K.L.:
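Once you've had a glance at the structure underneath, I'll fire off some questions.
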Number of protein chains: 2
Amino acid sequence: MVRRFAAGEALFRKGDHAFGIFRLVAGRIRLAPVTPDGAEVPVPMARPGELFAEASLFSARYHCDALALTDSEVLLYPKAEVVQQLKKNEEEMWKFAGEMAHRLQGLRTQLELRQIRSAPQRVLQSLHLRCDATGRWAPEGTLKQFAEEIGLTHEALYRALATLKKEGRIRRDKDQISLLAKDFKALDKDEK
Amino acid sequence: MVRRFAAGEALFRKGDHAFGIFRLVAGRIRLAPVTPDGAEVPVPMARPGELFAEASLFSARYHCDALALTDSEVLLYPKAEVVQQLKKNEEEMWKFAGEMAHRLQGLRTQLELRQIRSAPQRVLQSLHLRCDATGRWAPEGTLKQFAEEIGLTHEALYRALATLKKEGRIRRDKDQISLLAKDFKALDKDEK
DNA sequence: CGTCACATTGATGCCTCTCAAAGCTTGTGG
DNA sequence: CCACAAGCTTTGAGAGGCATCAATGTGACG
């Protein structure tokens with residue numbers, strides 16, 4: 001079931017009855033658990049293709065707010081339907097579990113990344129994770145978004161990129177960033 | 001199947017044939033993906049009771065190193081066995097998926113936490129997440145470990161606690177930390 | 001051609017990390 | 001029972017780096 005939300009609109013709010021899980025098709029969604037002391041702690045954003053609010057299948061209510069940052073399009077899988085489907089169809093269930101396991105890894109990886117304090121180091125590591133086998137990567141979206149994803153201000157990102165370029169560790173072409181020899185020793189390719 | 005590992009011993013290494021998933025019973029395990037440029041980026045640690053290496057069920061090989069930081073005891077669920085069990089038993093499968101969904105939330109929460117730069121704020125937020133309904137929390141393990149879990153040096157943690165105490169937001173008793181009125185407005189209790 | 005958002009670089013300040021040192025707690029052995 | 005060792009706890013001083021504020025350049029789109 002396709003549903004669209006305008007920028008600023010809420011898909012659901014904390015405490016709402018959990019009516020289904022979502023897959024983001026296009027746009028940007030921010031999952032923003034309400035903090036006890038009022039301040040908003042945003043960040044974990046859903047990106048296109050990702051499943052989110054999976055926990056709602058196992059819970060009666062949502063545990064955080066989901067806000068559309070831009071006009072967005074999502075697939076809504078009604079809870080009752082999904083549950084029935086999954087419980088009946090072992091194949092589907094397996095796929096679903098596999099997806100969650102995959103996301104778990106992704107989040108762990110992100111967590112590691114945040115542990116790197118140095119902006120250039122963090123950027124470099126991010127690039128390693130995103131570059132293809134040839135050591136190249138074309139950012140999807142703006143660099144500003146990229147900065148946000150890896151938890152840096154955009155200024156810090158630009159400076160880090162400049163530093164890395166000056167050190168000869170990366171090259172920047174039109175709409176593309178490449179790892180240079182020093183850091184690109186045929187990244188191991190045995191993901192998940 | 002219970003297995004024990006001494007401090008410093010590796011449960012498995014990146015690239016090893018995936019032979020099963022684990023649940024930590026006691027001790028501390030560090031999951032440490034090898035970074036391309038040699039530096040170690042540790043952090044995502046398994047804590048007692050947690051399942052880890054779930055992704056190995058959906059993959060032929062492990063994707064990171066697992067190192068015992070202290071003498072540890074784990075439950076090893078052989079892959080073939082688990083897979084068969086899960087695929088046959090819908091009930092078990094559902095429990096397994098629920099556990100992963102739960103872990104997903106936990107990791108997202110941690111990720112939000114790391115986004116808070118200010119040490120006092122991060123500590124406060126961590127306390128909110130850990131305190132019981134009465135606003136109290138007894139740290140399991142040392143404060144040093146707590147500091148590591150929330151991504152601060154222990155010095156920063158001690159200073160943050162001192163600051164919060166001075167501001168009258170927390171109270172520290174023997175082996176217990178309490179949130180004070182200002183920040184403790186009956187934390188919403190509708191966890192999953 | 002004007003507007004708007006991204007991209008880039010500069011200057012400043014705060015805050016956490018780091019290195020250091022001292023007090024405290026716990027356990028061990030004589 | 002005491003003395004010593006080891007690790008946690010706590011506070012101090014200094015430095016580096018990222019966030020913040022600010023300004024300019026650049027590209028896309030109407």
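As the structure is a computational prediction, the values presented were derived from the model and not from experiment. Within every chain, numbering begins at 1; the chains are lettered A, B, ... in the order of the sequence lines, protein sequences first and strands thereafter.
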K.L.:
B/Asp173 CG to D/dT9 C1': how many Å, rounded?
P.N.:
17 Å
K.L.:
Would you please name every residue forming a salt bridge (Lys or Arg N to Asp or Glu O under 4.0 Å) with A/Arg172, sequence neighbours left out?
P.N.:
none
K.L.:
Rounded to the nearest Å, what distance is computed from the CD atom of residue B/Gln121 to the P atom of nucleotide C/dC15?
P.N.:
12 Å
K.L.:
What is the per-nucleotide protein-contact pattern of nucleotides 15-30 of chain D, from the 5' end, where B denotes a base atom under 4.0 Å from a protein heavy atom, S denotes such proximity for sugar-phosphate atoms only, and - denotes neither?
P.N.:
---SSBBB--------
K.L.:
If I take atom CZ in residue A/Arg114 and atom P in nucleotide C/dT16, what distance separates them, rounded to the nearest angstrom?
P.N.:
17 Å
K.L.:
List for me each residue that meets salt bridge (Lys or Arg N to Asp or Glu O under 4.0 Å) alongside A/Glu155, sequence neighbours excluded, and say none if there are none.
P.N.:
none
K.L.:
With axes from five pairs an end, tell me the bend angle of the helix from C/dC1-D/dG30 to C/dA22-D/dT9, nearest 10°.
P.N.:
40°
K.L.:
Side-chain contact test, heavy atoms from C-beta onward, threshold under 4.5 Å: evaluate it for B/Leu86 versus B/Leu57 and give yes or no.
P.N.:
yes
K.L.:
Please enumerate all protein N or O atoms sitting under 3.5 Å from an N or O of nucleotides 4-6 of chain C, with distances to 0.1 Å.
P.N.:
| residue | atom | partner | partner atom | Å |
| --- | --- | --- | --- | --- |
| C/dC6 | OP2 | A/Lys144 | NZ | 3.1 |

K.L.:
Can you list every salt bridge (Lys or Arg N to Asp or Glu O under 4.0 Å) pair that touches residues 67-91 of chain B, not counting sequence neighbours?
P.N.:
B/Arg4-B/Glu73
K.L.:
For A/Lys165 and C/dA7, what is the distance between atoms NZ and P respectively, to the nearest whole Å?
P.N.:
14 Å
K.L.:
So, using side-chain contact (heavy atoms from CB on, under 4.5 Å) as the criterion, who are the partners of B/Arg47 when residues are at least two apart?
P.N.:
B/Glu50, B/Arg130, B/Glu149
K.L.:
Please enumerate all residues that pass side-chain contact (heavy atoms from CB on, under 4.5 Å) together with A/Ala10, with sequence neighbours excluded.
P.N.:
A/Arg13, A/Leu67
K.L.:
Do any pairs count as a ring-ring contact (aromatic ring centres under 6.0 Å, His included) and have a residue in residues 74-97 of chain A, sequence neighbours left out, and if so which ones?
P.N.:
A/Trp94-B/Phe58
K.L.:
According to salt bridge (Lys or Arg N to Asp or Glu O under 4.0 Å), does anything in residues 16-28 of chain B pair up with another residue at least two apart or in another chain? List the pairs.
P.N.:
B/Arg23-B/Glu99, B/Arg28-B/Glu148
K.L.:
By side-chain contact (heavy atoms from CB on, under 4.5 Å), which residues pair with A/Asp173, not counting sequence neighbours?
P.N.:
A/Arg171, A/Gln176, A/Ser178
K.L.:
According to the ring-ring contact (aromatic ring centres under 6.0 Å, His included) rule, which pairs have a member within residues 144-171 of chain B, sequence neighbours left out?
P.N.:
B/Trp137-B/Phe146
